[in-house]
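Below is one structure, written out as structure tokens; the observations come after it.
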Amino acid sequence: MRRRFATLAAVGALVAAPTALGSVHLVTVTSPARPGTAARLVARVSPGATCSIVVNYKSGPSHAQGLTPERSVGGIVSWSWIVGTRTTPGRWGIVVSCGTAGTLSTSFAVA
């Protein structure tokens with residue numbers, strides 16, 4: 001009986017661990033976006049988590065206004081930024097990092 005309980009406890013710990021740490025899920029991202037227009041990313045994460053975002057273009061990480069760390073409200077965190085008028089068309093990576101709540105890697109197209 002002890003052995004069965006120990007096994008169940010170990011399995012329960014494995015199942016509970018990801019939930020305890022949380023996760024970051026993409027809700028929506030503007031794609032495609034056109035140079036000179038606004039793009040937006042919305043993600044679901046644990047309430048109160050502080051997250052940062054990096055948008056990686058061919059020229060390197062974006063320095064656009066609006067790409068600053070944000071705290072989730074009601075489990076939602078979002079960013080809006082203007083895609084530069086000289087941004088190269090293509091698919092570009094986005095990384096959202098929320099500490100122990102996790103990381104989201106996605107991309108969006110610039111047409």
Side-chain angles (χ1 to χ4, degrees):
M1 185 67 161
R2 282 188 207 172
R3 182 181 231 186
R4 186 180 303 169
F5 179 74
T7 301
L8 289 174
V11 170
L14 290 174
V15 171
T19 304
L21 292 176
S23 59
V24 186
H25 299 282
L26 179 65
V27 174
T28 187
V29 65
T30 304
S31 187
R34 298 213 177 275
T37 65
R40 179 173 171 85
L41 182 140
V42 179
R44 181 172 292 124
V45 66
S46 53
T50 298
C51 304
S52 61
I53 186 170
V54 177
V55 178
N56 290 300
Y57 294 119
K58 182 178 182 179
S59 60
S62 175
H63 298 289
Q65 280 188 316
L67 298 178
T68 57
E70 296 290 338
R71 181 174 287 259
S72 72
V73 176
I76 297 293
V77 62
S78 66
W79 293 268
S80 294
W81 68 99
I82 301 297
V83 177
T85 56
R86 294 183 286 155
T87 300
T88 304
R91 182 157 289 278
W92 307 111
I94 302 173
V95 178
V96 175
S97 301
C98 301
T100 59
T103 300
L104 165 70
S105 294
T106 190
S107 63
F108 80 122
V110 174

If you look at every heavy atom in [X] and [Y], which pair is closest and at what distance?
{"X": "T50", "Y": "P69", "result": "CG2-CB, 4.4 Å"}
{"X": "T30", "Y": "A33", "result": "CG2-CB, 4.1 Å"}
{"X": "A49", "Y": "V45", "result": "CB-CG2, 3.9 Å"}
{"X": "S72", "Y": "S46", "result": "OG-O, 2.8 Å"}

Review item, side-chain donor-acceptor pairs of residues 34-42, under 3.5 Å, at least two apart:
residue: T37; atom: OG1; partner: R34; partner atom: N; Å: 3.3
residue: T37; atom: OG1; partner: R34; partner atom: O; Å: 2.6
residue: R40; atom: NH1; partner: S80; partner atom: OG; Å: 3.3

Do [X] and [Y] belong to the same hydrophobic cluster, where Ile, Leu, Val, Met, Phe, Trp and Tyr are linked whenever their side-chain heavy atoms lie under 4.5 Å apart, directly or via other members?
{"X": "I82", "Y": "V29", "value": "no"}
{"X": "L67", "Y": "I94", "value": "yes"}
{"X": "V95", "Y": "V110", "value": "no"}

In chain order, what residues pass the side-chain hydrogen bond (donor to acceptor under 3.5 Å, both in side chains) check against R91, with sequence neighbours excluded?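 Checked R91 against side-chain hydrogen bond (donor to acceptor under 3.5 Å, both in side chains); matches are S107.
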side-chain hydrogen bond (donor to acceptor under 3.5 Å, both in side chains) against W81, all qualifying residues, sequence neighbours excluded: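 So W81 forms a side-chain hydrogen bond (donor to acceptor under 3.5 Å, both in side chains) with Y57.
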Quick one: OG on S59 to CH2 on W92, what's the gap to the nearest 0.5 Å?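 These two atoms lie 8.0 Å from each other.
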Within the distance-only criterion (no hydrogens, no angle test), does the side chain of S31 pair as donor or acceptor with the backbone N or O of A109 below 3.5 angstrom?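 Such a contact is found between S31 side chain and A109 backbone.
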Check for a donor-acceptor pair, side chain of S23 on one end and backbone N or O of G102 on the other, with a separation under 3.5 Å.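 Such a contact is absent between S23 side chain and G102 backbone.
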Got a sec, which pairs hit disulfide (SG to SG under 2.5 Å) with one end in residues 82-111, sequence neighbours left out?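 Of all non-adjacent pairs touching residues 82-111, those that pass disulfide (SG to SG under 2.5 Å) are C51-C98.
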Any ring-ring contact (aromatic ring centres under 6.0 Å, His included) involving residues 28-50? Give me the pairs, sequence neighbours left out, ordered by first then second residue.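 Every candidate ring-ring contact (aromatic ring centres under 6.0 Å, His included) pair involving residues 28-50 fails, so no pair, neighbours aside, qualifies.
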Pair W79-V55, side chain to side chain contact (heavy atoms under 4.5 Å, CB included): steps then yes or no: CA-CA 11 Å; W79 293 268; V55 178; over 6 Å; no
Can you name the residues that form a side-chain contact (heavy atoms from CB on, under 4.5 Å) with P61, not counting sequence neighbours?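 With sequence neighbours excluded, P61 shows a side-chain contact (heavy atoms from CB on, under 4.5 Å) to V54, N56, given in chain and number order.
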Given V77, which partner from the list R71, R44, E70 fulfils the side chain to side chain contact (heavy atoms under 4.5 Å, CB included) test?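 Between V77 and the candidates, side chain to side chain contact (heavy atoms under 4.5 Å, CB included) is satisfied uniquely by E70.
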